[in-house]
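Below is one structure, written out as structure tokens, with a few remarks after it.
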Amino acid sequence: MKTIKFICACLLVSSSLFISSCSSDSDGGGGGSAASGTMKAKVGGSWVTTIEMATFANQVGPVIQIQGNTGGTSSKAFVLNIMTFDGVGTYDIGGGETGLGQANVSYVETTVDLSNPTAPDIKTWNAPYEGGEKVGEIKVSEVTDTYIKGTYSFTAKNNEDGSTKQITEGSFNVNFF
């Protein structure tokens, strides 16, 4: 009887390890191709990669913020906020019962004229936006006490001029602050 229980326990443990080691879109998928300490994505078809010294993640309760900046006088930045973080998985931007989804995001372009550095030109595109439909997702594939990895894509809208930006093939490999 002890042998049968031992074999059943071994099978249960083996099965759970096999299932938990599989990767799919529903559990956060692959971790993307961002180098350690960076975020990257295509913005309107052109690659944007943040610098390590201006890229970090922070968690307060169930909220995780992941952000990165390219630096310089003509900088670009990504800000990803997961409002209901619960580990590895996929988090919708927009959609759901409230139309807000589980996450919100921003893409920011800042240009500083060195002859007048106190008046930067800042343009921001945000999601979700009116309509409530799903406009993207963040997939967390790995998280530890020190870093978080995953992928993202979304369409964001500028509230001032109504323009949109397509952010595709995004990935992050970011250390916690």
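The figures here come from the full heavy-atom set of this structure, side chains too, leaving out hydrogens, waters and symmetry mates.
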**Prompt:** Taking the side chain from N158 and the backbone from D161, do they hold a donor-acceptor pair closer than 3.5 Å?
**Reply:** yes
**Request:** Look up atom OG in S36 and atom CG in N175, then write down how far apart they are to the nearest 0.5 Å.
**Result:** 5.5 Å
**Asked** Roughly how far, to the nearest 0.5 Å, is OG1 of T118 from CG of D113?
**Response** 10.0 Å
**Message:** Which residue is it: I93, I138, V140? I am looking for the one with a side chain to side chain contact (heavy atoms under 4.5 Å, CB included) to Y152.
**Reply:** I138
**Message:** Main chain of D86, side chain of Y91: is a donor-acceptor contact present, judged purely on distance under 3.5 Å?
**Reply:** yes
**Request:** Return yes if some donor-acceptor pair links the side-chain N/O of T50 with the main-chain N/O of M39 below 3.5 Å, else return no.
**Result:** yes
**Message:** Quick check against the 3.5 Å criterion: does T55 have a side-chain atom that pairs as donor or acceptor with the backbone of I51?
**Reply:** yes
**Item:** Separation between CG of N126 and OG1 of T124, rounded to the nearest 0.5 Å
**Value:** 6.0 Å
**Request:** Answer yes when K165 and E109 have at least one side-chain N-carboxylate O distance shorter than 4.0 Å, and no when they do not.
**Result:** yes
**NZ or CZ of K157 within 45° of W125 ring axis and under 6.0 Å** = no
**Remaining members of the apolar cluster that contains L100, side-chain heavy atoms under 4.5 Å** = none
**Asked** Under a single-linkage definition using a 4.5 Å side-chain heavy-atom cutoff for Ile, Leu, Val, Met, Phe, Trp and Tyr, are F176 and I82 assigned to the same hydrophobic cluster?
**Response** yes
**Asked** For A41 and G170, which heavy atoms make the closest approach, and how far apart are they?
**Response** CB-CA, 3.6 Å
If you look only at distance, which donor and acceptor atoms sit under 3.5 Å apart when one is on a side chain in residues 63-79 and the other is two or more places apart or in another chain?
from : atom 1 : to  : atom 2 : distance (Å)
Q65  : NE2    : N81 : OD1    : 3.0
N69  : OD1    : G71 : N      : 2.7
T70  : OG1    : K76 : N      : 2.8
T70  : OG1    : K76 : O      : 3.4

**Request:** For Q166 and T155, run side-chain hydrogen bond (donor to acceptor under 3.5 Å, both in side chains): C-alpha distance rounded to whole Å, both residues' side-chain angles, the deciding distance at 0.1 Å, then the answer.
**Result:** CA-CA 5 Å; Q166 294 285 331; T155 301; 3.0 Å; yes
**Message:** I need the minimum non-hydrogen distance between F172 and V174, along with the two atoms involved.
**Reply:** CB-CG2, 3.8 Å
**Message:** Restricting to non-hydrogen atoms, name the atom on P128 and the atom on A103 that form the minimum distance, rounded to 0.1 Å.
**Reply:** CD-O, 3.8 Å
**Request:** Please answer whether the main-chain N or O of S171 pairs with a side-chain N or O of E169 as donor and acceptor at a distance below 3.5 Å.
**Result:** no
**Any side-chain heavy-atom pair of I148 and F85 under 4.5 Å** = yes
**Message:** If you define the side chain from C-beta out and look only at heavy atoms, does anything of P62 sit under 4.5 Å from T84?
**Reply:** no
**Asked** Considering only heavy atoms from C-beta outward, does the side chain of V60 approach that of N58 to under 4.5 Å?
**Response** yes
**Asked** What's the spacing between T168 OG1 and K42 NZ if we round to 0.5 Å?
**Response** 6.0 Å
